[in-house]
Q: 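Structure incoming, see below.
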Amino acid sequence: MSQETMFKRIMVPVDLTHRESLGKTFKVAGDLAKTHVASITYVGVTSTVPSSVAHSVEEYTSKLEALAAEEGKAHGVETSAHAIPTTDPTANMKRLLLKAVEDTGADLVVMQSHVPNVVDYIWASHGGHIAEHANTSVLIVR
């Protein structure tokens with residue numbers, strides 16, 4: 001008798017600027033994917049103009065794909081990358097990440113949080129916004 005898995009597609013939003021601080025989130029997502037025989041899609045929102053991370057959308061996409069391949073190999077799970085170009089990542093981030101949940105078919109979002117500060121009382125965090133508005137489970141890793 002086969003066991004029904006709880007999750008099939010995990011979405012992990014990634015800020016390549018802070019890749020080095022996402023290790024715990026990558027491990028949690030990898031462990032969950034392995035346990036549930038799920039795939040992981042690493043999602044990144046990038047500017048359409050050159051930035052410190054990449055000079056073009058194509059370069060950003062290539063870096064995100066490399067990250068997905070590296071993490072897939074490290075955790076022994078199927079992975080993919082989903083780059084989302086936009087003219088203003090800061091203004092469009094929450095909306096684009098919510099759309100990516102639908103676009104990727106994710107049934108779980110695993111995302112990094114930050115240490116809350118006074119600004120969070122004025123502007124909600126991306127993780128809090130996704131958890132409040134997504135039609136799927138969201139795990140915030142701190």
Side-chain angles (χ1 to χ4, degrees), residues 3-142:
Q3 180 180 350
E4 181 73 22
T5 61
M6 186 177 293
F7 305 111
K8 293 183 181 5
R9 289 181 201 89
I10 299 171
M11 180 181 121
V12 178
V14 175
D15 180 348
L16 289 179
T17 307
H18 303 289
R19 178 181 177 173
E20 69 284 344
S21 66
L22 297 172
K24 188 173 179 183
T25 297
F26 292 162
K27 179 168 179 8
V28 169
D31 289 350
L32 284 167
K34 195 161 197 153
T35 298
H36 295 282
V37 192
S39 63
I40 302 173
T41 301
Y42 295 90
V43 173
V45 176
T46 186
S47 178
T48 54
V49 299
S51 70
S52 62
V53 173
H55 295 96
S56 66
V57 172
E58 294 77 19
E59 181 184 358
Y60 181 90
T61 300
S62 179
K63 287 182 176 186
L64 190 62
E65 288 170 346
L67 171 110
E70 181 182 312
E71 290 299 318
K73 186 175 182 181
H75 298 287
V77 298
E78 180 185 327
T79 60
S80 61
H82 182 73
I84 306 168
T86 182
T87 55
D88 189 348
T90 304
N92 299 323
M93 182 72 65
K94 293 173 185 173
R95 178 182 58 80
L96 292 172
L97 288 178
L98 280 173
K99 184 175 181 321
V101 173
E102 293 178 28
D103 292 347
T104 63
D107 47 20
L108 173 65
V109 177
V110 177
M111 64 188 299
Q112 182 77 30
S113 180
H114 62 284
V115 177
N117 61 40
V118 78
V119 175
D120 292 314
Y121 294 104
I122 301 166
W123 294 288
S125 69
H126 299 309
H129 183 83
I130 302 304
E132 184 177 351
H133 296 287
N135 291 326
T136 190
S137 297
V138 178
L139 173 61
I140 308 293
V141 178
R142 182 170 291 161

Q: Ignoring hydrogens, what is the shortest heavy-atom contact between Ala69 and Thr79? Give both atom names and the distance.
A: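 Where Ala69 meets Thr79 most closely, the heavy atoms are N-OG1, 4.0 Å.
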Q: Working note: Phe26 + Ile40, criterion side chain to side chain contact (heavy atoms under 4.5 Å, CB included); need CA distance, chi angles, decisive distance, verdict.
A: CA-CA 10 Å; Phe26 292 162; Ile40 302 173; over 6 Å; no
Q: Mark yes when over 12 heavy atoms from residues, nucleotides or ligands other than Glu78 sit less than 6.0 Å from its CD; otherwise mark no.
A: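 Not more than 12 within 6.0 Å, no.
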Q: So, for Ala29 and Val12, which heavy atoms are closest and what is the spacing to 0.1 Å?
A: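 Of all heavy-atom pairs spanning Ala29 and Val12, the closest is CB-CG2, 3.6 Å.
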Q: So which atom in Ala106 and which in Thr136 form the shortest heavy-atom distance, rounded to 0.1 Å?
A: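 So the minimum-distance heavy-atom pair works out to O-OG1, 3.7 Å.
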Q: Quick one: pull up CD in Glu102 and CG in Leu97 and give me the separation to the nearest 0.5 Å.
A: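 One finds 12.5 Å between CD of Glu102 and CG of Leu97.
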Q: Should we count NE2 of His133 as having more than 12 external heavy atoms under 6.0 Å?
A: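 More than 12 heavy atoms, drawn from other residues, nucleotides or ligands, come within 6.0 Å of this atom.
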Q: Quick one: OG1 on Thr104 to OH on Tyr42, what's the gap to the nearest 0.5 Å?
A: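 Answer for the OG1-OH pair, Thr104 versus Tyr42, is 13.0 Å.
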Q: Let me confirm one number: the CD1-CE distance from Ile130 to Met11, rounded to the nearest 0.5 Å.
A: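 Taking CD1 in Ile130 and CE in Met11, the distance rounds to 6.5 Å.
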Q: Give me the atom names and distance for the closest heavy-atom approach of Ala68 to Ser80.
A: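 Result for this residue pair: CB-O, 3.5 Å.
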Q: Could you grab the distance from atom CZ of Arg19 to atom CD of Gln112, nearest 0.5 Å is fine?
A: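 Arg19 CZ to Gln112 CD: 14.0 Å, rounded to 0.5 Å.
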Q: Knowing that exactly one of Pro50, Ser47, Pro85 qualifies, which makes a side-chain contact (heavy atoms from CB on, under 4.5 Å) with Val57?
A: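 Running side-chain contact (heavy atoms from CB on, under 4.5 Å) over Pro50, Ser47, Pro85 with Val57 returns exactly one hit, Pro85.
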Q: Is there a donor-acceptor pair closer than 3.5 Å between any side-chain N or O of Lys63 and the backbone N or O of Val53?
A: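 Such a contact is found between Lys63 side chain and Val53 backbone.
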Q: Applying the side-chain contact (heavy atoms from CB on, under 4.5 Å) criterion to Val43, which one of Val109, Leu96, Val101, Ile84 satisfies it?
A: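 Exactly one candidate clears the test, Ile84.
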Q: Could you please spell out the steps behind the side chain to side chain contact (heavy atoms under 4.5 Å, CB included) verdict for Ile140 and Met111?
A: CA-CA 5 Å; Ile140 308 293; Met111 64 188 299; 3.7 Å; yes
Q: With distance as the sole test, does Thr35 use its side chain to make a donor-acceptor pair with the main-chain N or O of Asp31 at under 3.5 Å?
A: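 Answer holds: yes.
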Q: Does Lys24 use its side chain to pair, donor to acceptor, with the backbone of Arg142 at less than 3.5 Å?
A: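 A pair under 3.5 Å: yes.
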Q: Side chain to side chain contact (heavy atoms under 4.5 Å, CB included) between Asn92 and Val45: does it pass, once the steps are laid out?
A: CA-CA 9 Å; Asn92 299 323; Val45 176; 5.9 Å; no
Q: Just how far is it from atom CG of Asp88 to atom OG1 of Thr48, taken to the nearest 0.5 Å?
A: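 Reported to 0.5 Å precision, the distance equals 9.5 Å.
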Q: Taking all atoms of both residues into account, what is the closest heavy-atom pair of Tyr60 and Gly44, and its distance?
A: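 Distance-wise, the nearest heavy atoms are OH-CA, 3.2 Å.
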Q: Rounded to the nearest 0.5 Å, what's the gap from CG on Leu22 to CD on Glu71? Could you check?
A: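 The distance works out to 9.0 Å.
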Q: Where do Lys27 and His75 come nearest, in terms of heavy atoms and distance?
A: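 Taking Lys27 first and His75 second, the nearest heavy atoms are CA-CE1, 3.7 Å.
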Q: Please test Leu32 against Met6 for side chain to side chain contact (heavy atoms under 4.5 Å, CB included), starting from the C-alpha separation and ending with a verdict.
A: CA-CA 10 Å; Leu32 284 167; Met6 186 177 293; over 6 Å; no
